[in-house]
Amino acid sequence: MNRRSLLLCALTAPLVLDAAFAQEDEFGGGEQPEASAGKDMRRYRCTVSDHIYDPAEGDPAAGVAAGTAFADLPADWVCPDCGASRSDFEPID
Ligand SMILES: [Zn+2]
């Protein structure tokens, strides 16, 4: 048994995994903030006025910061175009 190669294997395996993840981040839309990982960052469309809520842009006029997921909008948030409530929005795939 070669102790040295075992040690090398244990040392390099995590590094290879890290490199793979780093590449994925780099090429797979790394623009979203870390806090949004795993959240529903889909865009939502108002079924009344066809207004699009885009989490990447937020709704600055209503004090909603860019990067805010639709689910994280304030409960009293309404469509900027027609005033429809959040329940009148549907996700865009
Ligand atoms: Zn609307």
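Every number for a ligand or one of its atoms is a count from 1 in the order of the listing.
Relative ring orientation between Trp77 and His51 is described as tilted, the plane-to-plane angle lying within the 30° to 60° band.
Tally of protein N, O or S atoms closer to the Zn ion (ligand 1) than 2.8 Å: 4.
The side chain to side chain contact (heavy atoms under 4.5 Å, CB included) search around Ala84 returns Cys46, Val48, Cys79, Cys82, Asp88, not counting sequence neighbours.
Contact between Asp59 and Pro80 at its shortest, heavy atoms only, is OD2-CG, 3.5 Å. Summarising the geometry of Tyr53 relative to Thr68, their closest heavy-atom pair is OH-O, 2.7 Å, with the distance given to 0.1 Å. When all heavy atoms of Val64 and Pro74 are compared, the pair lying nearest together is CG2-CD, 4.0 Å.
Cation-pi geometry between Arg86 and Phe70 is satisfied (NZ or CZ under 6.0 Å from the ring centre, within 45° of the ring normal).
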